[in-house]
Amino acid sequence: MGDSKAIERAYEAARRRYAELGVDTENAIKRLAATPISLHCWQGDDVGGFEKPEDALSGGGIMATGAYPGKARTADELRADLEKALSLIPGKHRLNLHAMYAETGGRIERNELTADHFAAWIDWAKANGLGMDFNGTFFAHPKAETGFTLSSADEPTRKFWVEHGIVCRRIGAAMGKKLGTPCVINMWIPDGYKDIPADRKGPRERLKKSLDEMFAEKIDSRYLLDAVESKLFGIGSESYVVGSHEFYLGYAIQNNTLLCLDTGHFHPTETVADKISSVLTFLDEILLHVSRGVRWDSDHVVILSDELRSLAEELVRGGYLERTHIGLDFFDASINRVAAWVIGTRCMIKALLAALLEPSQKLREAEAAGDFTSRLAMLEELKTMPLGAVWDYYCLKQNVSTGLDWLAEVKEYENKVTNLR
Ligand code: RNT
Ligand code: ZN
């Protein structure tokens, strides 16, 4: 732990500077502590899952690259790694699990999964005070090899994936019920074409039909919240993705589901920050998959970029924190996987803190008065305000490592645990 006296002194100076702008740092910290982030289990094993090895990530338009040693090979290892990561992240958070992380003790088809196959995960979440979110796994499976799942023209294949969605929703509801907090279940499918399609319409009509069948069973929103995730393109689906943004935006509005916006799933000059106030004019709630697109890859580890900061600013400025479920979605196999979680999640939380420390009242006043000079000047000045001092203090108060101290703990864990795998 860093020098706590020095951290407290620096915080006191920072608190005063923010107070001069009319910003209450204590209030910001309180709100930050009440904002959970859903940690995606799949960073820990390169989106592998624990079915049979030949199902491990192949196809599906996503790919983890890198060969850093020590990835989790079993659910117990993955849980241990998550515990390590969570111990280095301030605040109370959630676990986001994929269906392929079932512990079946033998071959169980994806359309036959039940909550029993996730009992160990649920018990673990309960013991660690974590809510759970869940995802159907519509990739890395022989029945996804044609590149089409819910939109497949092959009726048995389409049905199989509808059934998978149905059982996953029941599993998610069981998680929500057991843990006393609604489980957000997200459905992302890889369906699409590498090259120019002759029929864009057919697959989309079939996808709508499949979603209708999947969502037919009404489930209490105290237990389960449904989300659908769009994408622009994937590896091998460069020319056409069935579940595009327009498709799912329309579906979500018409059917009152959540829309999942993945920050890596749009054209590079589009920003999700700008979409939030539009979609939340028509939808009750959204799910975010916070990620970082780089060239063709949509899943680099989240950093404190301008893009991330403006995303957090939108959530705070619009009063959208309560209507937004913040999930992460990145996977990097070229660096320590526990560190990847810690870096990405801490950055997400830092971005939220920065946004909560904005003098929003003053900024709005300048804007409303047409004083765009002051607006720009203030926004720029804010960038060098002592955010780091408030962040360190927050970590100290939450009893987690301050500064870069967490890295030594990850290195120790690497030597004692992951390097021995
Ligand atoms: C893929 C989607 C999807 C996945 C996870 C594993 O492009 O972003 O959310 O990353 O479900
Ligand atoms: Zn995603």
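Indexing begins at 1, ligand by ligand and atom by atom, following the structure's order. Every heavy atom of this structure was used, including side-chain atoms; hydrogens, water molecules and symmetry mates were not.
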Next item on the list: Check all N, O or S atoms of D329 and name the one closest to the Zn ion (ligand 2).
Entry: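 Nearest N/O/S atom: OD2.
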
Between ligand 1 and [X], is the shortest N or O to N or O distance under 3.5 Å?
X	result
S298	no
N186	no
D262	yes

Test of ring centre spacing under 6.0 Å for [X] and [Y]:
X	Y	result
H117	F50	no
H93	W341	no
F160	H141	yes
F138	F148	no

Notebook entry, point to check: How far apart are the closest heavy atoms of S151 and V242, and which atoms are they?
Noted result: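 For S151 versus V242, the nearest heavy atoms are OG-CG2, 3.7 Å.
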
Margin query: If I compare all heavy atoms of I185 with all of D226, which pair ends up nearest, and what's the gap?
Written below: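 Taking I185 first and D226 second, the nearest heavy atoms are CG2-OD1, 3.3 Å.
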
Checklist line | Structural part of H98 in contact with ligand 1, heavy atom criterion under 4.0 angstrom | finding: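 Just the side chain.
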
Notebook entry, point to check: Quick check: does any side chain N or O of R94 sit under 3.5 Å from a backbone N or O of G327, one acting as donor and the other as acceptor?
Noted result: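 It does not hold such a pair.
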
Enumerate the atoms of ligand 1 whose separation from the nearest heavy atom of [X] is less than 4.0 angstrom.
X	result
F331	10 (O)
H265	1 (C), 2 (C), 7 (O), 8 (O)
K231	1 (C), 7 (O)
H289	9 (O)

Margin query: Quick test of your reading of the structure: of D299, D329, T263, I62, whose heavy atom lies closest to atom 3 (C) of ligand 1?
Written below: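 It is D329 whose heavy atom sits nearest to atom 3 (C) of ligand 1.
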
Check: Do any N/O/S atoms of D299 come under 2.8 Å of the Zn ion (ligand 2)?
Finding: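 For D299, the answer is no, given that no N, O or S atom comes within less than 2.8 Å of the Zn ion (ligand 2).
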
Note to self: When you measure from the Zn ion (ligand 2) to the N, O or S atoms of H289, does any of those distances fall below 2.8 Å?
What the structure shows: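 A backbone or side-chain N, O or S atom of H289 is under 2.8 Å from the Zn ion (ligand 2).
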
Check: Quick one: angle E229 OE2 - the Zn ion (ligand 2) - D262 OD2, to the nearest 10°?
Finding: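 So the angle at the metal works out to 90°.
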
Item checked: Row check, F266 ring normal vs K275 NZ/CZ: under 6.0 Å, within 45° ->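 The answer is yes; both the distance and angle limits are met.
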
Next item on the list: Report yes or no: does a heavy atom of H40 sit under 4.0 Å from some atom of ligand 1?
Entry: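 Heavy atoms of H40 never come under 4.0 Å of ligand 1.
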
Notebook entry, point to check: Tell me: protein heavy atom nearest atom 9 (O) of ligand 1, and distance?
Noted result: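 Protein heavy atom with the smallest distance to atom 9 (O) of ligand 1: E229 OE1, 2.7 Å.
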
Note to self: Can you tell me how the ring of Y394 sits relative to the ring of W391, calling it parallel under 30°, perpendicular over 60° and tilted otherwise?
What the structure shows: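 If you compare the ring of Y394 with that of W391, the planes turn out tilted.
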
Notebook entry, point to check: Under 30°, 30 to 60°, or over 60°: which ring-plane class applies to Y101 and H98, parallel, tilted or perpendicular?
Noted result: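 Geometry flag for H98 against Y101: tilted rings.
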
